[in-house]
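Remarks on the structure that follows.
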Amino acid sequence: MFIVLKMAIMRHQNKYSLTARLLHWASALVIMWATLSGFMITLPGTSEHTKELIAHFNVALTALFIPFFCWRVIHRMLKGAPVYNVLSNKEALLAKVVHIILYLLVGVVLFSGLLMMDQDIVVFNVFKLDPLVQNASWINMFKSLHEFTTRLLAAGIVLHLLALVKHEIVGHKILTRMV
Ligand code: HEM
Ligand code: HEM
């Protein structure tokens, strides 16, 4: 009863729960780091040593991130989102659709990243997984999917940030929902 009441208050306070906020910011850090550093190491002039260091670190970090992402999606499905009191129905629907697309893209990026691995997936020397796919043409297909969806995700994140800036400029307090 107390939890149901607390959830109802939270939805109308226009703020995500503390768990949702912590999961959002932890995910944002991991995803922005993996995106920026992932693209950076594909630039000409990056030394082989730096490439290897970042690629190994990112494989471990993003593999560890998978259970947190599942937790975030389940938490979101169970707890919902606070109602918007500053957006029109159309804008609220658009925000919802873009958020769903972001969740789907992160899911496909994680899935394709795991399945494109042709070497062991080493997680900080704590545990390692054998490659999940053996067939070379499937591995290449997942590599192309990873490259393509990481670009789409980067574009989606830019859109997410531009939308936030636009709302802040016109006086819609959206950022406070997540802090
Ligand atoms: C949050 C999820 C992830 C993001 C945002 C991300 C981002 C990226 C980006 C931007 C690249 C460079 C793409 C390009 O070549 O243009 C990349 C490459 C790569 N990713 Fe991911 N990735 C994620 C998850 C994963 C996972 C789960 C794995 C495997 C466990 C993985 C393994 C790799 C590998 C091996 C490369 C190639 C690195 C190299 O050039 O040698 N990624 N990733
Ligand atoms: C500095 C970077 C970021 C800022 C300032 C930021 C800010 C916010 C804010 C204020 C919201 C609430 C929006 C609303 O209620 O309509 C939100 C939601 C969301 N953000 Fe971010 N974000 C950032 C990075 C990211 C990144 C990298 C991702 C990765 C995909 C992401 C994915 C999402 C998703 C999926 C939601 C919807 C939450 C839900 O309803 O479940 N954000 N973000």
Let me confirm one number: the [atom1]-[atom2] distance from [X] to [Y], rounded to the nearest 0.5 Å.
X    : Y    : atom1 : atom2 : result
L153 : R151 : CG    : CZ    : 12.0 Å
I66  : L61  : CD1   : CG    : 10.5 Å
K51  : S37  : NZ    : OG    : 13.5 Å
I157 : L105 : CD1   : CG    : 9.0 Å
S27  : L102 : OG    : CG    : 11.5 Å
L152 : L104 : CG    : CG    : 11.5 Å

What I'd like to find out is whether the side chain of [X] reaches to under 4.5 Å of the side chain of [Y], using heavy atoms alone.
X    : Y    : value
L22  : T19  : no
V106 : F65  : yes
E52  : H56  : yes
I174 : L87  : yes
K143 : D118 : yes
V179 : W25  : yes
S112 : E147 : no
I121 : K128 : no

Find out if a path of hydrophobic residues (ILVMFWY) with successive side-chain heavy-atom gaps under 4.5 Å connects [X] to [Y].
X    : Y    : answer
L29  : L18  : no
M117 : V126 : yes
M32  : V59  : no
L159 : V170 : no
F148 : L36  : no

Angle class for the [X]/[Y] ring planes (parallel below 30°, perpendicular above 60°, tilted otherwise)?
X    : Y    : result
F111 : F142 : perpendicular
H99  : H160 : perpendicular
W33  : F57  : perpendicular

Would you find more than 12 non-hydrogen atoms of other residues, nucleotides or ligands less than 6.0 Å from [X] atom [atom1]?
X    : atom1 : value
F68  : CZ    : no
N89  : CG    : no
Y103 : OH    : yes

Taking every non-hydrogen atom, the tightest pair across [X] and [Y]:
X    : Y    : answer
A63  : V123 : CB-CG2, 4.1 Å
I54  : M40  : CD1-CE, 3.9 Å
K15  : T176 : NZ-O, 2.6 Å
L115 : I139 : O-CG1, 4.3 Å

Side chain [X], main chain [Y], donor-acceptor under 3.5 Å:
X    : Y    : result
H146 : V109 : yes
D120 : V122 : no
E168 : V165 : no
T50  : I41  : no
S144 : N140 : yes

### Query
Do NZ/NE/NH1/NH2 and the carboxylate oxygens of E91 and K96 come within less than 4.0 Å?
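Result for this pair is no, no salt bridge flagged.
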### Query
For H167 and K173, what are the C-alpha separation, side-chain angles and deciding distance, and is it a side-chain contact (heavy atoms from CB on, under 4.5 Å)?
CA-CA 7 Å; H167 283 301; K173 296 281 170 238; over 6 Å; no
### Task
Using the ring of Y84 (Phe, Tyr or Trp, six-membered ring only), decide whether R177 places NZ or CZ under 6.0 Å from its centre and within 45 degrees of its axis.
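So R177 does make the cation-pi contact.
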